[in-house]
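For reference, the structure discussed in these notes is given below.
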4 protein chains.
Amino acid sequence: MTDSSGGRHEKRRALAERRLLEEGLKLMGVKGVHACKVQEITQAAGVGKGTFFTHFDSKEAFVARLVDQVLGDLARRVRPLGLAPSDAESLLAGMGAVHLRFFQLRPEAAALITQACGRDGGGPQAAERLGRHLDLLAQMLAPAAERLGWPQERVRELALMLFATSVGFFWFGGPLQLGGDTPLALLDRLGRAMARGLAGGEDPPAAS
Amino acid sequence: MTDSSGGRHEKRRALAERRLLEEGLKLMGVKGVHACKVQEITQAAGVGKGTFFTHFDSKEAFVARLVDQVLGDLARRVRPLGLAPSDAESLLAGMGAVHLRFFQLRPEAAALITQACGRDGGGPQAAERLGRHLDLLAQMLAPAAERLGWPQERVRELALMLFATSVGFFWFGGPLQLGGDTPLALLDRLGRAMARGLAGGEDPPAAS
Amino acid sequence: MTDSSGGRHEKRRALAERRLLEEGLKLMGVKGVHACKVQEITQAAGVGKGTFFTHFDSKEAFVARLVDQVLGDLARRVRPLGLAPSDAESLLAGMGAVHLRFFQLRPEAAALITQACGRDGGGPQAAERLGRHLDLLAQMLAPAAERLGWPQERVRELALMLFATSVGFFWFGGPLQLGGDTPLALLDRLGRAMARGLAGGEDPPAAS
Amino acid sequence: MTDSSGGRHEKRRALAERRLLEEGLKLMGVKGVHACKVQEITQAAGVGKGTFFTHFDSKEAFVARLVDQVLGDLARRVRPLGLAPSDAESLLAGMGAVHLRFFQLRPEAAALITQACGRDGGGPQAAERLGRHLDLLAQMLAPAAERLGWPQERVRELALMLFATSVGFFWFGGPLQLGGDTPLALLDRLGRAMARGLAGGEDPPAAS
DNA sequence: CATGAATGAGTTTTCATTCAT
DNA sequence: TATGAATGAAAACTCATTCAT
């Protein structure tokens, strides 16, 4: 009895948490992390205000959690590309395309990441979490980079550029009504173009 | 007589305003637009709290002004590239490089733009101002885009990508200690790479 | 179960609200609506500053509420006079006396009304509310006015004079230490006098 | 030379002061004493903000001065009534009519007096000044009161009622669009009525 | 646990007053 | 003396967080 009712409880609890996260992401994406008040989230999720704090230590922790979730989701889509070996350019193009598509479908995610992982909003945890995402990307890119003559100790920068481009495109595009309706084909072309550019390693040796 | 004393007055006033803007940009870049209080800015600028509001109608107006200033500054460096005719790839590469260098030297500017031109922080004016910057870039890119077979009505997206990449690179890079020390040569290479990629127009025609 | 606990909750809340209103009326009456800070009211009521705004949307709304309450209270004492039919003079005298007695016992109410229903303090709502009170008085006075040959379309002015006299007497009297100790008998005499004067309709027809 | 230029100076100064007072009365009457900012007054008067404080020690002192001026103006019109001896009722009626007419023509004055002489606005000086005005009225009324059997030590209350009625009528009437267009004849009738009432002293002894 | 009322630190903004020119 | 820029003490209001029920 306690078993089943306990299970019920946990089910309800998990459901509430999911709704909180869903609605929170949506609202924060639209109104901004700061402008979005805890109460709005709980109202949208259909729970009491106090409940929020039984699930998350603070608003900041909530944001960090959201960031983690988004980046985890994204990683799940990127990782497979690293399994099937492919040439450097294709890999870059694929990773770029995945990122672009991901954020085109989830502009709120782009908004959240931008606000949370910068200097003001998600605390240090969010930035660290982004760092780990870049590590993943860098790791995937490392072999390709080597073949392209890209300095190994700078692969993170390669990853960063790929990431920043995708997120920034939709973050800045949102308020300008740009990006949301960019045809997938064009988006892919952008991704491939970026890849081809980055992959075309016959640059004159950059004397630092 | 009135000249000299009046001049003094206006000089002092103009100086105070410049310091307010300087310190404000610096602080907002470091701590974030929201976390940066008006009083901190006035203290850093060495003026009283009330003085801030004799120069700017509100904090939001202050931010908008800052955005305008930064983008004006940036435009002044980009525009010349449009005067000397060059091939599409070089133009793209140049514009990318200018943006990257600009924001590498001014990470606070990248931070400000990111926070102010998104959904939360600078009001609608800031986003509009960014729109005008993209118009400038799009106008410069239009001829090149035509030669590359890039759809004319999508040139703003090209501009957006170029811009978002540069700003995002340093916005996300900042807290991760990435980007600040990327050698200029590598930065140029990134710019050129992006350009070459975007310029290499032999993509299969993107069927929307 | 929910009943008892919920009842407690609401009881506490209602109690706090009542104390807020009571203390607010008292303080605003003594120090003036503007000079009286929200925090003073909450302190006097023994609640936190923020609590004030969970009960009232703004200080202005609070004042409007107070005005409504005071005028409602007053109306409850005036209305019965309209039920028992009486001659015009007695009606006027009675209404005047009720008003005078009411505000003598509640100088804070006179102070509040004066400040809130004028051009500065209670917003437009307060003035409107006063308008409705005058409507009530005018409605009660209408039959009497007719008998006195007082133009029907000017009955509101009759009501206004009655009201203004009573409120003004204690508003201006307060700081001058006048009115507070005026014996009831004298007050009644004033009321009756005013009534007799206004009722004595044998004025020569006033050719405007 | 100093003489003539000094005269000029003083002329200008006196002119500025008069304009300040005029515009101040007008503005405060319309917007309320608190809502009316010093800068608005100086702008309306066409002088610099700082100039205000070379003429008046503070905003409060300015209001007190205004009150003094208004009441002085009013007294100048009331006093003559005391010179020509007349019966009690006529005296009361005359004084009432003068007050009513005065404030009908100057609703700003009614507004100013109401706000300044109460508990919040004009400081203690304004209330004292009103006290002196009532003294004048009381002095004029004293003989009449005696004839009417009105207690001599309560004559001030008689004066207060007369005054409060006139001011209050236009203060409360203003926002309600009442009083401003009341025909003079009706106003006089109100005054006379009030007088007749107050004068008719054969009240049955009021058993408190 | 869930709830929502209570809380008060913190923030922007206003405005009378001062003072250098 | 006239001016208006500078000043900072307030004051209303917000909102994340706590806690009694």
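Chain letters run A, B, ... following the sequence lines, proteins first and then strands; every chain starts at 1. Keep in mind the model is a prediction, meaning the values are calculated, not measured.
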If a pair means Watson-Crick or G-U wobble with both distances below 3.5 Å, what does DNA chain F look like in dot-bracket form, with | marking bases paired to a different strand? .||||||||||||||||||||
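In this structure, B:Leu20 places its CG atom 14 Å from C1' of F:dT7, rounding to the nearest Å. Across the protein-nucleic acid pair, D:Phe56 atom CZ and F:dT1 atom C1' stand 15 Å apart, rounded to whole Å. Taking atom CD of residue A:Glu17 and atom C1' of nucleotide E:dA2, one finds them 15 Å apart after rounding to whole Å. Going from atom CD of B:Glu40 over to atom C1' of E:dT13 covers 17 Å, rounded to whole Å. C:Lys11 has its NZ atom 15 Å from the P atom of F:dT21, to the nearest Å. If you measure from atom NZ of C:Lys31 to atom C1' of F:dA11, you get 13 Å, rounded to the nearest angstrom. D:Arg19 places its CZ atom 16 Å from the C1' atom of F:dA2, with the value rounded to the nearest Å.
Side-chain nitrogen and oxygen atoms of C:His55 include at least one within less than 4.0 Å of the OP1 or OP2 phosphate oxygen of E:dA6. The phosphate of E:dT21 has neither OP1 nor OP2 within less than 4.0 Å of any side-chain N or O from B:Arg12.
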Any chance you could lay out the salt bridge (Lys or Arg N to Asp or Glu O under 4.0 Å) test for C:Glu40 and C:Lys37, step after step, and finish with the verdict? CA-CA 5 Å; C:Glu40 289 173 334; C:Lys37 326 292 173 207; over 6 Å; no
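Taken to the nearest 0.5 Å, the CZ atom of D:Arg106 stands 11.5 Å off from the CD1 atom of D:Ile113. Atom CZ of residue C:Arg129 and atom CG of residue C:Leu71 lie 5.0 Å apart, to the nearest 0.5 angstrom. Considering CG of C:Leu20 and CZ of C:Arg65, their distance stands at 10.0 Å, rounded to 0.5 Å. Annotation: the span from B:Leu25 atom CG to B:Cys36 atom SG amounts to 10.0 Å, rounded to 0.5 Å.
In terms of modelled atom types and a separation under 3.5 Å, the side chain of A:Thr51 and the main chain of A:Val47 share no donor-acceptor contact.
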In B/S/- notation (B base, S sugar-phosphate only, - none; protein heavy atoms under 4.0 Å), nucleotides 13-19 of chain F written 5' to 3' is BBSSBB-
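Looking at A:Arg19 and A:Glu22, no side-chain N of the basic residue comes within less than 4.0 Å of a carboxylate O on the acidic one, giving no salt bridge. Ion pair B:Glu23/B:Arg18 not flagged as a salt bridge, since none of the NZ, NE, NH1 or NH2 atoms sits closer than 4.0 Å to an Asp/Glu carboxylate oxygen.
Between C:Phe62 and C:Val38 there is no side-chain heavy-atom pair separated by less than 4.5 Å.
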